Amino acid sequence: NAGVTQTPKFQVLKTGQSMTLQCAQDMNHNSMYWYRQDPGMGLRLIYYSASEGTTDKGEVPNGYNVSRLNKREFSLRLESAAPSQTSVYFCASSPLYNQPQHFGDGTRLSIL
Amino acid sequence: RKEVEQDPGPFNVPEGATVAFNCTYSNSASQSFFWYRQDCRKEPKLLMSVYSSGNEDGRFTAQLNRASQYISLLIRDSKLSDSATYLCVVSNNNDMRFGAGTRLTVKP
């Protein structure tokens, strides 16, 4: 079972470039999430989609946008990358909102 | 004050030891609690949910203390494979917050 699939796994960007991180799940989950993880900070929620057709801001949404393309796919876009956005990004999904989540294996993003 | 706080460790223990981690949370309206495990450079994986009455899964026991607003994880008979970072997760109706994690290293 694929579970939650994220692409790409690694990316290096220059300051000001744009990029979209892709996430897809095959578990028929209703809710999807984007997190970033920085050393000593734990996972912080960027945006989430409680159900298809809805998206909401999390704890650290500034500098990001999301699209819930359909039930399976939830993308994260950086319109103008900044060095402060260097992080590991995780996508996750759960059957319903706030239930235990299944995570993708992450995207390691460096902004120079 | 962070919403969810954990001792970052590291906890270094010998194989076979018993080790316990605590996690405190600030939001008294929190309703759901979980422990996740994260291996180095990997994604977090659900270890166990934490129920009000406490629950056990093999060598792992989770407890909730609502009055003092903390949850705990006890690992008995530690194995080398238990080496990982353990993340405490606290949820209310609005969002889910992760602790920064406690790092455990089990040594031969």
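Here the structure is a predicted model, which means the values were calculated and not measured. First the proteins, then the strands, lettered A, B, ... as listed; each starts at 1.
Residues Tyr64(A) and Tyr89(A) bring a donor and an acceptor atom of their side chains to less than 3.5 Å of each other. Side-chain contact check for Arg37(B) and Thr85(B): no donor-acceptor pair (N or O, by modelled atom type) lies under 3.5 Å.
Contacts between Tyr35(A) and chain B at a heavy-atom distance below 4.5 Å involve the side chain alone, from C-beta outward. For Ser49(B), the part sitting under 4.5 Å from any heavy atom of chain A is the side chain, from C-beta outward, and nothing else. The contact between Gln99(A) and chain B is made entirely by backbone atoms, counting heavy-atom distances below 4.5 Å. Heavy-atom distances place no part of Arg44(A) under 4.5 Å from chain B, backbone and side chain included.
With chain A as partner, the option from Arg97(B), Gln6(B), Lys42(B) having the largest number of non-hydrogen pairs under 4.5 angstrom is Arg97(B). Contacts with chain A were tallied for Pro8(B), Gly99(B), Ala100(B); Ala100(B) has the most, counting heavy-atom pairs under 4.5 Å.
Annotation: side-chain contact (heavy atoms from CB on, under 4.5 Å) contacts of Lys107(B) (sequence neighbours excluded): Asn12(B), Thr105(B).
Ionic pairing of Lys45(B) and Asp39(B) is not present here: no N-O contact between side-chain nitrogen and carboxylate oxygen is shorter than 4.0 angstrom.
In this structure, the side chains of Leu45(A) and Tyr47(A) stay at 4.5 Å or more apart for every pair of heavy atoms.
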